[in-house]
Student: 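This structure is in C-alpha cells; I'll ask about it shortly.
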Amino acid sequence: MRLQKLKQEQELILSRVDNAIALFDCEHRLVLFNNKLSVIWGFSSEWLQSKPTYEVVFAEILAQGYWLEAQHKQLVSAIEQAEAENVSYYIEQSNGICLDVYATVTSDGGRLFTFRDVTSYQQALKEAQLTQANLNAQVRRQAFLLSLTERLQPATDLREIGQFALSYLVEVMGAAFGDVKVITGEGVDRQAGILTNKVLGQFIATYGEVAVAEMEVLLSRGIPYGQGLLWKVVETGKPIFVEDYYNHPNALPGFRHPSIGQLGIFPIPAADGTIIGVLTLESRSLQKLQEAPQQDMLLAACRTLGVAIERAQAQESLRQINEDLERASQMKSEFLTSMSHELRTPLNSILGFSDLLLRQRAGSLTDRQIGYVQTIEKSGQHLLQLINDILDLSKIEAGKTELDLQPISIQYLCTECLKMIQPRADKKRLALSLEIDYRLKNANLDERRVSQILINLLSNAVKFTPEGGQIKLTSRLIYGNQLAKEFRPDRSPINPSTPYLCLEVKDSGIGIAKDKWHLLFRPFQQVDASLARRHEGTGLGLALTKRLAELHGGTVSLESVENEGSTFRIWLPLTEMRQESAVTIPQIPKSNYTQHSALSTQHFYAKRVLVVEDQPYNQALISEVLELEGYAVELIYDGCTMMEMINSPLVTPQSLPDMILMDIQLPEVDGFQLIRHLKDHPLWKNVPTIAVTAIAMAGDRDRCLAAGANGYLSKPLNLDELIATVRSFLDKNPT
C-alpha cells in the first residue's frame, strides 16, 4: 500500500510538470513518464507502459514524421558519445513545435530525459531578430537619405544637384553606369533630356569607348516621348526592373549591349506627385535592385532628388521672371520717357502759337476767336501737366531722380502752394485755411518736389470737394509712434522716436469708400474708372505723390469717410533734427498741441556700431535705424573681410568699434566662426557682439551665446528691441 501511494504521488507530481519527462533504466527501458510525453507525440499510455527503450521511442517519433532523419541521428549520436555526461540538444519539429532536450545520467546508469517546449520563446526570439533587422535597415536607410539630403540642401544649380546625387547613388549601389534625365514639354511633345550621366571605367572596359560614346550621343539628343522604357515609368510613377535589357523589345538601340547587368529605371517625382525626371542605374550587385532595402532607399532618394530639382527649377524660374520683370519695367520707363518727350515737342508749338495769338501781334481777334484760343491753351496746359506727371513717374521708377535738399521755410512753402491753388478754389467758393506748427520753422527738403506733392493733394481736394466746401492745409511736427497708427499703402518699418514733418490736406469732399483705399496710390488707377465718371484725370497724381515722399525717406497715409471728406498726410523724416545736440523750441500753449510733447533735448553720442551683414536691404534698414538714434554706423559686407579686419595689425584699441552687430548667415565665413575669433582675440574680445540672424529655431539662441555672443536678435527685426539692445550695451558708459 505504501508503494502504491508513493507511485500515485509521483504520478501526481509528474502530471503537474510542464515539461515531458521520461526516465529510462540502465537497460534503456522506460520506467517512468508523465502525461506531457503522451501529449507531445500522441503516444498511448499502454504503449509507454510496455517499457520501450529510448531508441524505440525516438524511432517511433521519426516514423511519425515529427523529426527529420538528420535530427534523429544527431540526437542518438550525441547520447552515445557522452555515456557518462549530460546532453543538451535543440530540435525544431516539422509541426512547428520547438524542443530543448536534456538527457541526464542517473546514479544507476539510467537516463532521465526532459523535453521542454520552447516554441513561444523561439517565436519571440525570431520576432525580436526580425524587428532588429528591420530597425537596422531603417537606420541604414535614414543615414543614407540624411547624407544625401545634407549634400543636396545647399545646392542651387540644377546640374550640380544631378551630378552629386548620381555619383552618390552609383557608388552606394555599386552600379556600372547611371544617368538622371529631366522631363520637359507637355503631352506627346515631352522629351527626356539628360541632366547628367556617369560611366565607370569597368563599363568602358567591357563595352569599349565607341559603345559608350554612342550612348552619350543618344542621351545628349534627348529621348522623345514613347521611345524606350522610361515613358512607362513617367506614366505610371512606378519603377521598372529589367534583367535582360539587350533582348527587351522596347530597349533603345543605342543601349543594346550583350551581357549588360540588371537595369533599374526609377521615377523622380515633384512635390505634387508629377514625374519630372527618371533615374537609371545598371547594377552589378548580387542583390537585385527590386529587393528591399535597396529599392525602398532608391525610391526615397528619388523623392529627395525630386525636391532638390524642383527647388532649383523654381529658383531658376523666379530668377528668369525677375529678369523679365526688370527688363519690362526698364522698357516701360524708357518708353514713357521717350513718348513724353515726343509729345512735348508738338505741344510746345501748340502752346507757343496760342500765346502769340492771344497777344494779337499778327492782328486783332474777335471775342469768339479769343475764346477758342483760350480753350486751346487751357487744354494744352492740362495735357502738359499730364505729360509732366508721366515723365516724373517714369524717372522715379527708373531711379534717375535726385533730390536737391536745402533748408526751406515751412510757412513759406505752404503759403506759396495755397496761393497757386487759390484761383481754382475761388471758382468753387471753397474756403482755404492754413495751420502751422511754429515749433518747426525750417526743414531740409527738395522745395520743387514737396511743392509738387502739396499741389497734387490740394488740386485733388479742390476737384473732389463740392462748392462751398472747406480745405485745410496743416503743418505739424509729429513723431513715429503716431505714424504707426495710420493707414499706409506700404508697410515700411517705423522708428517711434523719429521726428517727422507731417503735411496734411483735409477736405470736406465726397470721400472714399474704405474698400477702395488700396487703389488710390497705384499708377494709372482711379477709384471711379467707369466711362461715366464725373472727374477727369489719369490716376497718376497720388502715385507720383507717394513716390516723391518715398524719395525723401517718408511715406503717405490717409483717412476718409464716404460723403464726409478725406485727409491725406505726407510724412517726411527730419533726420537732421536727430543729429543736433539741442534744439531751441518756442513756447506753444499746450492746449493747441495736446498730442505732441516738446522735442527732447537729450544728447546723442556718436558711438560707432560695426554692422556685419551681406544683404543690402538689411544693411540699409539697420543703418537707418541706428543713425536716427545718433550712432555712427560702419558696414562690412562679408565674413572674409571681417576676418581680415580681426587679424589686421593696423587695428588699435582706439579704432575698435563700440559694438558689433553680427549676422550669422554670411558667405564663406559664417558668423559663428567670426564670433569665436573675436572672443579669442586679445584686442577684440571686450567689444560687445550681438548675433543678428534669421536662424530662429529652438536652441539657436543658446548656440549663438555659446559661441561667445553677448546678445541675440532674430529676424525679422523688432526695431524697438534692436534699439533697446544697442542702448543697453552702449549707454552703460557714456563718453
Side-chain angles (χ1 to χ4, degrees), residues 1-137 139 286-287:
M1 291 178 62
R2 285 197 301 272
L3 289 174
Q4 186 177 1
K5 185 176 180 181
L6 179 60
K7 184 177 181 180
Q8 291 174 349
E9 290 177 351
Q10 289 176 341
E11 291 177 351
L12 179 62
I13 293 172
L14 290 175
S15 65
R16 294 183 178 180
V17 176
D18 291 336
N19 303 327
I21 302 295
L23 177 61
F24 296 87
D25 60 18
C26 59
E27 296 180 354
H28 300 177
R29 292 186 172 279
L30 181 63
V31 294
L32 185 64
F33 62 91
N34 64 354
N35 187 53
K36 188 72 173 179
L37 190 69
S38 302
V39 172
I40 292 179
W41 294 291
F43 296 145
S44 66
S45 298
E46 292 77 9
W47 184 76
L48 292 174
Q49 289 175 357
S50 66
K51 297 184 178 181
T53 63
Y54 66 77
E55 292 89 348
V56 173
V57 173
F58 292 167
E60 181 64 23
I61 296 173
L62 175 64
Q64 293 185 19
Y66 288 104
W67 292 355
L68 299 177
E69 180 68 31
Q71 293 175 321
H72 174 255
K73 287 182 178 180
Q74 289 174 0
L75 178 59
V76 172
S77 175
I79 294 173
E80 290 176 350
Q81 292 177 6
E83 285 291 340
E85 297 179 4
N86 298 332
V87 175
S88 176
Y89 189 74
Y90 171 75
I91 295 179
E92 185 173 340
Q93 298 189 143
S94 60
N95 62 354
I97 294 178
C98 301
L99 298 175
D100 275 343
V101 181
Y102 299 97
T104 305
V105 179
T106 61
S107 58
D108 59 356
R111 291 276 183 176
L112 174 63
F113 287 86
T114 303
F115 302 90
R116 182 185 176 194
D117 187 345
V118 293
T119 304
S120 58
Y121 171 77
Q122 289 297 327
Q123 289 177 346
L125 182 60
K126 288 181 179 179
E127 290 176 358
Q129 291 173 342
L130 181 61
T131 301
Q132 185 63 41
N134 291 336
L135 182 60
N136 291 339
V139 169
L286 295 177
Q287 190 171 22

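Quick note: residue numbers are just sequence positions, from 1.
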Student: Please report the closest heavy-atom contact between Arg111 and Thr106, naming both atoms and the distance.
Tutor: N-OG1, 4.1 Å
Student: Say you draw a straight line from CG of Asp117 to CD of Gln122; how long is it, rounded to the nearest 0.5 Å?
Tutor: 10.5 Å
Student: Measuring only between side-chain heavy atoms, which start at C-beta, is Tyr66 closer than 4.5 Å to Asn95?
Tutor: yes
Student: Looking at CG of Leu37 and CZ of Phe115, how far apart are the two atoms once the value is rounded to the nearest 0.5 Å?
Tutor: 6.5 Å
Student: With side chains defined as the heavy atoms from C-beta onward, is the minimum distance between Ile21 and Leu32 less than 4.5 Å?
Tutor: no
Student: Just verifying a value: how many Å separate Leu48 CG and Phe33 CZ, rounded to the nearest 0.5 Å?
Tutor: 4.5 Å
Student: Measure the shortest side-chain to side-chain distance between Val76 and Ile79 over non-hydrogen atoms and say whether it is less than 4.5 angstrom.
Tutor: no
Student: Please identify which of these residues, Gln93, Gln64, Glu60, meets the side chain to side chain donor-acceptor pair (under 3.5 Å) condition with Trp41.
Tutor: Gln93
Student: I'd like to know if the side chain of Ser38 reaches the main chain of Ser44, judged simply by a donor and an acceptor atom lying under 3.5 Å from each other, with no hydrogens or angles considered.
Tutor: no
Student: Test side chain to side chain donor-acceptor pair (under 3.5 Å) on Gln74 and Trp67 and set out the steps.
Tutor: CA-CA 11 Å; Gln74 289 174 0; Trp67 292 355; over 6 Å; no
Student: Can a donor-acceptor pair be found between the side chains of Gln123 and Glu127 at a distance below 3.5 Å?
Tutor: no
Student: Can you tell me how far apart CD1 (Ile91) and CD1 (Ile97) are? Round to the nearest 0.5 Å.
Tutor: 12.0 Å
Student: Among residues at least two apart in sequence or on other chains, which ones pass salt bridge (charged side-chain N to carboxylate O under 4.0 Å, His left out) with Glu55?
Tutor: none
Student: For the residue pair Tyr90 and Val118, what are the closest heavy atoms and their distance?
Tutor: CE1-CG2, 4.0 Å
Student: Considering non-hydrogen atoms only, spot the tightest contact between Val57 and Pro52 and give its length.
Tutor: CG2-CG, 3.8 Å
Student: Does Phe113 have any ring-ring contact (aromatic ring centres under 6.0 Å, His included) partners at least two apart in sequence or in another chain, and if so, which?
Tutor: Phe24, Tyr54, Phe58
Student: Do any N or O atoms from the side chain of Arg29 and from the backbone of Lys51 form a donor-acceptor pair under 3.5 angstrom?
Tutor: yes
Student: With a sphere of 6.0 Å drawn around OH of Tyr89, does it hold more than 12 non-hydrogen atoms of other residues, nucleotides or ligands?
Tutor: yes
Student: Nearest 0.5 Å, please: how far is OG in Ser88 from OH in Tyr102?
Tutor: 5.0 Å
Student: Please report the closest heavy-atom contact between Ala22 and Leu30, naming both atoms and the distance.
Tutor: CB-CD1, 3.8 Å
Student: Within the distance-only criterion (no hydrogens, no angle test), does the side chain of Ser94 pair as donor or acceptor with the backbone N or O of Gly65 below 3.5 angstrom?
Tutor: yes
Student: Looking only at non-hydrogen atoms, find the nearest pair between Cys26 and Asp108 and report the distance.
Tutor: CB-O, 3.3 Å
Student: Is a donor on one side and an acceptor on the other found under 3.5 Å between the side chain of Gln71 and the backbone of Glu92?
Tutor: yes
Student: To check you understand the geometry: which heavy-atom pair defines the closest contact between Ala20 and Ile40, and what is its length?
Tutor: CB-CD1, 3.6 Å
Student: If you round to the nearest 0.5 Å, how far is OG1 of Thr114 from CG of Leu99?
Tutor: 11.5 Å
Student: Say whether, by atom type as modelled, one donor and one acceptor occur between the side chain of Asn35 and the main chain of Ser45 under 3.5 angstrom.
Tutor: no
Student: Step by step, work out the side chain to side chain contact (heavy atoms under 4.5 Å, CB included) result for Glu69 and Leu62.
Tutor: CA-CA 7 Å; Glu69 180 68 31; Leu62 175 64; 3.1 Å; yes
